[in-house]
Amino acid sequence: MPVRSASSEAIVKNAYKPESDNSKTAKLQNFSQTHIRYMLVILLAGVALILFGNISQQTNLWIRRFIGIVIGVNEVILQVGSFMREGWREYLQLRAPCHLCFFSVLLVFLLTLFIPDNRFLWEILWYWSFPALVAILTPDAPASFSFRQLSFFVSHGLICITAFYSVFVVNLRPRFISSLLAFLIAWVMSVISYPLNLLIGGKANYFFSKSKPDVSNPLLMGEWPYYMLGMWTFGIVVFVASGLPFIFLPQVPLNY
């Protein structure tokens, strides 16, 4: 029994090996061959799922279930693996579910499996998918292949795929007012995250409210708190712009 337990622990540690003390020098480079491959897979998978989802009501149902199960299992493995590898203190500072993309993952999970008729939450997911798209374009993932690298693109990719699936298959027409509400909710969470980061202490930097993230992103200009102003300005512009195409489209029943 002790041998089996040690072997299981070794598997978890190897799966998360790239997240070492040298992780700051081992980030996946923007638009490297590996990065481009991931983006192409996400694009092709999104197109395929949307096409199959429009075949019939039954395929729509099964694809939504597939997305919900995959993103849920991926998140559970990521959270449990992080806790086992890093311990509760490190996990609380770096991996706890206190960031916008986790809440987007939660929305995908709930909407695809349990509450597909909630129009407002579909709208929030649509607007919150654009920060996930920015994360895909400027990944904060290990350079070497690992579960953490794969999980990063699975979760962020499925957030974006589900958002566009909601428009082209579920018949979502996001209301413009929801773009402002989506931004307001995200802004409130980012403001709350600052005292939360101070309370947790250490390396905690949820919503990047305490220090600039170590990613190559031209939108993050200046030091604290100036880059936060840039993030908020970019966020409101993107949210409003992503709602404009739907202003003149009539609302139709959701297809779920």
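Nothing here was measured: the structure is a model prediction, and the numbers come from that model.
One finds the CG atom of Leu49 at 11.5 Å from the CG atom of Asn54 (value rounded to the nearest 0.5 Å). Note that CD1 of Ile200 is 4.5 Å distant from CG of Leu92, once rounded to the nearest 0.5 Å. Phe120 contributes atom CZ, which lies 11.5 Å from atom CD1 of Ile115 (distance to the nearest 0.5 angstrom). Summarising the geometry, atom OG belonging to Ser32 is positioned 10.0 Å from atom OH belonging to Tyr38; distances are rounded to the nearest 0.5 Å. Here CD1 of Ile159 is found 5.5 Å from CD1 of Ile71. Values are rounded to the nearest 0.5 Å. Of the inter-residue distances, the one linking Leu196 atom CG with Met189 atom CE reads 12.0 Å to the nearest 0.5 angstrom.
Formation of a donor-acceptor pair under 3.5 Å by the His35 side chain with backbone atoms of Ile136 is found in this model. At least one donor-acceptor pair under 3.5 Å links the side chain of Ser193 to the backbone N or O of Tyr206. Listed for the Gln149 side chain is a donor-acceptor partner under 3.5 Å among the backbone atoms of Pro142. At least one donor-acceptor pair closer than 3.5 Å links the side chain of Trp126 to the backbone N or O of Ser242. Put simply, the side chain of Gln79 never gets that close to the backbone of Ala96: no donor and acceptor are under 3.5 Å apart. Between the side chain of Tyr227 and the backbone N or O of Lys212 there is at least one donor-acceptor pair closer than 3.5 Å. In this structure, the side chain of Trp224 engages the main chain of Ser209 through a donor-acceptor pair within 3.5 Å. Between the side chain of Asn171 and the backbone N or O of Val167 there is no donor-acceptor pair closer than 3.5 Å.
Considering only heavy atoms from C-beta on, Leu113 comes within 4.5 Å of Phe109 through its side chain. Contact of the Leu180 side chain with the Leu184 side chain is not registered, since no non-hydrogen atoms from C-beta on lie closer than 4.5 Å. Contact of the Ser211 side chain with the Asn205 side chain is registered, since non-hydrogen atoms from C-beta on lie closer than 4.5 Å. With contacts defined as side-chain heavy-atom distances shorter than 4.5 Å, the pair Trp62/Phe52 does not qualify. Side-chain contact between Asn30 and Pro139 is present, with heavy atoms from C-beta onward closer than 4.5 Å. Taking 4.5 Å as the limit, some side-chain heavy atom of Trp232 sits within range of a side-chain heavy atom of Ser190. Side-chain contact check for Ile185 versus Trp128: some heavy-atom pair is nearer than 4.5 Å. Under the 4.5 Å side-chain criterion, counting only non-hydrogen atoms from C-beta, Trp122 is in contact with Leu125.
Residues Arg64 and Thr162 bring no donor and acceptor atom of their side chains to less than 3.5 Å of each other. Looking at Asn255 and Gln57, their side chains do bring a donor and an acceptor atom within 3.5 Å of each other. Between the side chains of Asn60 and Tyr165, at least one donor N or O sits under 3.5 Å from an acceptor N or O.
In the hydrophobic clustering of ILVMFWY residues, with side-chain heavy atoms under 4.5 Å counting as a link, Phe66 and Leu43 come out apart. No chain of hydrophobic side-chain contacts below 4.5 Å, direct or via other Ile, Leu, Val, Met, Phe, Trp or Tyr residues, connects Phe246 to Val252. Hydrophobic clustering places Val240 together with Leu181 (ILVMFWY residues linked when any side-chain heavy atoms are closer than 4.5 Å, directly or through intermediates). Phe83 and Leu94 fall into different hydrophobic clusters, where Ile, Leu, Val, Met, Phe, Trp and Tyr are joined by side-chain heavy atoms under 4.5 Å apart, directly or via other members. Linking Ile, Leu, Val, Met, Phe, Trp and Tyr whenever their side-chain heavy atoms come within less than 4.5 Å leaves Val41 and Phe153 in two separate clusters.
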Residue pair Phe208, His99: steps toward the side-chain contact (heavy atoms from CB on, under 4.5 Å) verdict: CA-CA 9 Å; Phe208 307 131; His99 44 85; over 6 Å; no
Residues Arg85, Arg148; criterion side-chain contact (heavy atoms from CB on, under 4.5 Å); working and verdict: CA-CA 12 Å; Arg85 176 188 177 273; Arg148 187 171 296 285; 5.5 Å; no
Leu172 vs Glu123, side-chain contact (heavy atoms from CB on, under 4.5 Å): CA-CA, chis, key distance, verdict: CA-CA 8 Å; Leu172 178 69; Glu123 292 172 334; 3.9 Å; yes
Step-by-step side-chain contact (heavy atoms from CB on, under 4.5 Å) determination, Leu121 to Leu110: CA-CA 9 Å; Leu121 291 184; Leu110 293 174; 5.6 Å; no
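Closest approach of Ser82 to Tyr91, counting heavy atoms only: CB-CD1, 3.9 Å. Closest approach of Ala186 and Leu100 over heavy atoms only: CB-CD1, 4.3 Å. Closest of all the heavy-atom pairs between Leu150 and Phe145 is CB-CE1, 4.3 Å. Nearest heavy atom pair, residue Gly53 against residue Thr59, reads O-OG1, 3.8 Å. Residues Phe207 and Met231 approach most closely at O-CE, 4.1 Å, considering heavy atoms. Here the shortest heavy-atom pairing between Val108 and Thr112 reads O-OG1, 2.6 Å.
Annotation for Phe102: atom CZ counts as buried by contact number, over 12 foreign heavy atoms lying within 6.0 Å. Around atom CH2 of Trp187, no more than 12 heavy atoms belonging to other residues, nucleotides or ligands sit under 6.0 Å away. Around atom OH of Tyr226, no more than 12 heavy atoms belonging to other residues, nucleotides or ligands sit under 6.0 Å away. Atom CD of Gln251 sits in a crowded spot, with more than 12 heavy atoms from other residues, nucleotides or ligands closer than 6.0 Å.
The side chain to side chain contact (heavy atoms under 4.5 Å, CB included) test with Phe239 is passed by exactly one of Pro131, Ser178, Pro174: Pro131.
By the 4.0 Å N-to-carboxylate-O rule, Glu90 lies close enough to Lys203 to be salt-bridged with it.
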